[in-house]
Amino acid sequence: MDIIIPIKQVPETSNVKMDKETGTMIREGVVSVINPLDLYAIETGIQLKEKFGGKVTVCTMGPQSAAKALKEAIAMGCDEGILISDRKFAGADTWATSYTISEAIKQLGSYDLIITGERATDGDTGQVGPGIAAWLGLPLATYVSKISDVTQESIIVERLVEDGYQILQMPLPALLTVVKEVSNPRLPTLRGKKKARAYEIQVMNAADLQLNEACIGLKGSPTRVIKIGYPKVTRSGKIVKASGDTGLNDAVDALLQFLEEKELI
Amino acid sequence: MSHVWTIAEQSKGKLRAVSFELLSRGRKLADKMGTKLCAVLLGANVSDESLQELIYRGADEVYFVDDHRLENFVVETYSNVLSDLIRQYKPHTILAAATSSGRTLMPHVAIQVTTGLTADCTELDIEEETNHLLQTRPAIGGNIMATIKTPNHSPQMATVRPKSSRPLALERTRQGKITRLALKEELLDPRVQVIGYREDTEEFANIEEAEVVVAGGKGMKKAENFTLLRELASHFNGVLGASRDAVDRGWLPYPHQVGLSGKTISPKLYICAGVSGSIQHLAGIKTSEYIVAINQDPDANIFRLADFGIVGNLFEVIPLINAKLAARKQKEGE
C-alpha cells in the first residue's frame, strides 16, 4: 500500500509571538515543528505500511527550512520526503496551496491513499485536505477516527460527526483527513534519526511541476488578508476566593448571582 | 443584484439549529446590500413546516434539493449539487456552518467553482463601495484576528461556527418562496457509500452545538469524579467537555476534547473545573460568550480568560453549586 502524507511545518503554538508594529509573526527564536495534528496522519500511514507493505511518502510545501519537518517524519518511519518549494509559492491561500500540492502529487506516480491531518494549528482552516481531494477527484473522508477495514480496492472508515460516527466505504485511491483518535504517534527511533540524517530530500519547484502560474502563490490566491488585529485575550472577570465555610458559601452565592444577572439560569 | 445564500443542514429530515443561526447572519448582509436571502437545503423527508420555518426565521427564498439519496451527507454528491446551483443562480455570497459537513463541503466546492473560502469567521460585514464580504476570523490559536476578502472571485464564501450567532425570532407573517428541485442524475457520485452509523457511547457529545459546556481537567483526579460535572451540566441542559489532559487519561472520550487538538467551541456559557488553561485549551474556548472557572491555583492561566472565577477546592465548590441549583429549581417548582 503506497501512501502519500502532505504535512505542514508550523511554529510551536506555545511560542508564537506577534510584532505589534508590523502585525507579523516574530519568527526569530520560534521553534518550528511538524503540525501536531499531522503526527496522527503520519502514524496512521506508517501503521498501514507495516501491516500491508508498500511505502510512505511525506511531502510539504514551504521554504527550504521545512526540509527539517520531512526529516522528522522520516525519522518516525516514513520512506521518502518531497519538499515543494519555490519563492513563487509564497503567500498562497488554501486554494492555491491545495492546487500546488495536488500537482506535485500527480508527479509522484501511483498511490493508494493520501492522508492529511485535520487542520494545521497555525492557519486552522482544515481546507487544504478537502481541497486536494477536489483537485484530484478522489473520494474524501474527513475527521476520520478509525480505519476499520482495508482491502485491495476499498477502505472502510469511521468519521467523527456532531452526534456520533458515520461509517463510510470508499474505493481506493482515496483521501482521508484524520483526527487525534485515529492513532497514537510514535517517537522517532535512533535508527530512524540516522536514516533521516543521511536521506537527501527531493525538491520540486514551480518549473518542475509545470504549474499554471495564475494559480500559485499570492497572485493565484482568491482570498486576501486586508487587516490584522489583536483581540483582547484577557477578560477582567470577577475572581472570588472560596476559603473557609463562609468564604465557600459566599463564593457560590456570588457565582449564582452572576449567572442570574447574565440570564444563564 | 445577486443574492446571499445560507447552507441549511438537516439530520434525518430535521433541520439543525445552525441553519437558523446562519439566517440571522445572512439577513444582516442581505439587508445591507438590499438583496434577497436564500436558504439552500439538500436532503430528504423534510416537512413543509420545516421549510416554512426557514422563511419565518429570515429567508426570502428556499431552494430544497429533495432526493432520498441526499439523506446522508456525502461530500462528492453534495459538492456537485451545490456547485451546479452556484453556476446556475450565481449567488453573491454563501455562508455555511463550520460543522463536520460544512467544513468538508465548502473547501471542495471552492475548488469546483474557483473561488475563495474563509473558515470559522466570527464577524462578517459588507464593504460599502465594493460590496465585498469582509470576513474576520481568529488565527494562530486565537492570537490574531485576520480580516479577509475575496476581491476578484465569485461567490464570496465563508463558514461560521455554530452558536456564534443567535437565530432570529420566529415571525409567522413573513412571506417567501419555496422551490423544490430534483436531483440531477449526473451529479450523483456513487463511489462513497454510507454503510452505518455509531452513536457516541458517552452521553450526547455534541460540544460544538451546545449552549452550555461543562468541562473538567487534570484537577478532576479520576473519571468517577466527572459525576459532579454531569450533575452540574444537567442543571443547564449542557454537555460534558474535557481538557486534553483528561482525555489522554481516558476519563472522557476524544469527541469531548476542547482545545487545539480537539474542538473549538463558542457556547453561551463555558464552565470548567480543574483546568489550568494551557494556551492550546484557551484557543479552543476564546469565543465563548461567558467563561466560569473553578481552580485551586489562584495563578492558573484560566482565570485570565474567566468572566467569573472561584479560587477553591472544586470538590467542595461544585457539590455546593449543585445543591444550590437543585434547591433553586425545587423552589421554582413550588
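Numbers restart at 1 for each chain; the letters A, B, ... are given by sequence-line order, proteins then strands.
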Self-check item: Test side chain to side chain contact (heavy atoms under 4.5 Å, CB included) applied to B:Leu134 and A:Lys227, step by step
Solution: CA-CA 10 Å; B:Leu134 299 175; A:Lys227 203 175 85 190; over 6 Å; no
What part of [X] is in contact with chain B, defined as an atom under 4.5 angstrom from a non-hydrogen atom: side chain, backbone, both or neither?
X        : answer
A:Ala174 : neither
A:Ile155 : neither
A:Ser154 : neither
A:Gln257 : neither
A:Tyr40  : side chain

Please look at [X] and chain A and tell me whether the side chain, the backbone, both or neither of the residue comes under 4.5 angstrom of a heavy atom of that chain.
X        : answer
B:Val247 : side chain
B:Val194 : both
B:Val317 : both
B:Ile291 : both
B:Gln193 : both
B:His108 : both
B:Ser79  : neither
B:Asp307 : both

Exercise. List the steps, then state whether side chain to side chain contact (heavy atoms under 4.5 Å, CB included) holds for A:Asn249 with B:Lys324.
Key: CA-CA 10 Å; A:Asn249 196 56; B:Lys324 284 190 188 260; 2.9 Å; yes
Best-contacting candidate, [options], against chain B by heavy atom pairs under 4.5 angstrom:
options                                : value
A:Ala133, A:Gly247, A:Ala141, A:Gly237 : A:Gly237
A:Val128, A:Thr94, A:Asp253            : A:Asp253
A:Leu37, A:Asn184, A:Ile132, A:Leu248  : A:Leu248
A:Val161, A:Asp124, A:Leu264, A:Thr142 : A:Leu264
A:Ile156, A:Asp93, A:Leu168, A:Leu160  : A:Leu168
A:Lys241, A:Arg224, A:Met170           : A:Arg224

Among [options], which has the most heavy-atom pairs under 4.5 Å with chain A?
options                      : value
B:Asn72, B:Asp120, B:Thr99   : B:Thr99
B:Leu117, B:Ile321, B:Val292 : B:Leu117
B:His235, B:Glu76, B:Met106  : B:Glu76
B:Lys329, B:Gln156, B:Lys286 : B:Lys286

Quiz item: Quick one: OG1 on B:Thr136 to CD1 on A:Ile226, what's the gap to the nearest 0.5 Å?
Solution: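 So the OG1 of B:Thr136 and the CD1 of A:Ile226 are separated by 7.5 Å.
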Self-check item: Separation between OG1 of B:Thr114 and CH2 of A:Trp95, rounded to the nearest 0.5 Å
Solution: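 Here the interatomic distance stands at 5.5 Å.
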Exercise. Using the side chain to side chain contact (heavy atoms under 4.5 Å, CB included) rule, take B:Glu9 and A:Glu162 through it: C-alpha gap first, then chi angles, then the decisive distance, then the call.
Key: CA-CA 12 Å; B:Glu9 288 192 19; A:Glu162 278 69 15; 5.7 Å; no
Quiz item: Around A:Asp149, counting heavy atoms of other residues, nucleotides and ligands shown, do more than 12 lie under 6.0 Å from its CG?
Solution: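 For A:Asp149, atom CG is crowded (more than 12 foreign heavy atoms under 6.0 Å).
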Quiz item: Would a 4.5 Å heavy-atom cut-off, applied to side chains only, mark B:Gln135 and A:Thr223 as touching?
Solution: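 SC-SC contact between B:Gln135 and A:Thr223 ruled out.
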Self-check item: Closest non-hydrogen atom pair, B:Leu325 against A:Leu256
Solution: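 Here B:Leu325 and A:Leu256 meet closest at CD2-CD2, 3.9 Å.
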Exercise. For the pair B:Phe308 and A:Phe258, name the ring-plane relationship: parallel under 30°, tilted 30 to 60°, perpendicular over 60°.
Key: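 The rings of B:Phe308 and A:Phe258 sit tilted, inter-plane angle from 30° to 60°.
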Quiz item: Going through the checks in order, is the side chain to side chain contact (heavy atoms under 4.5 Å, CB included) test met by A:Leu259 and B:Phe236?
Solution: CA-CA 11 Å; A:Leu259 294 172; B:Phe236 297 94; 3.9 Å; yes
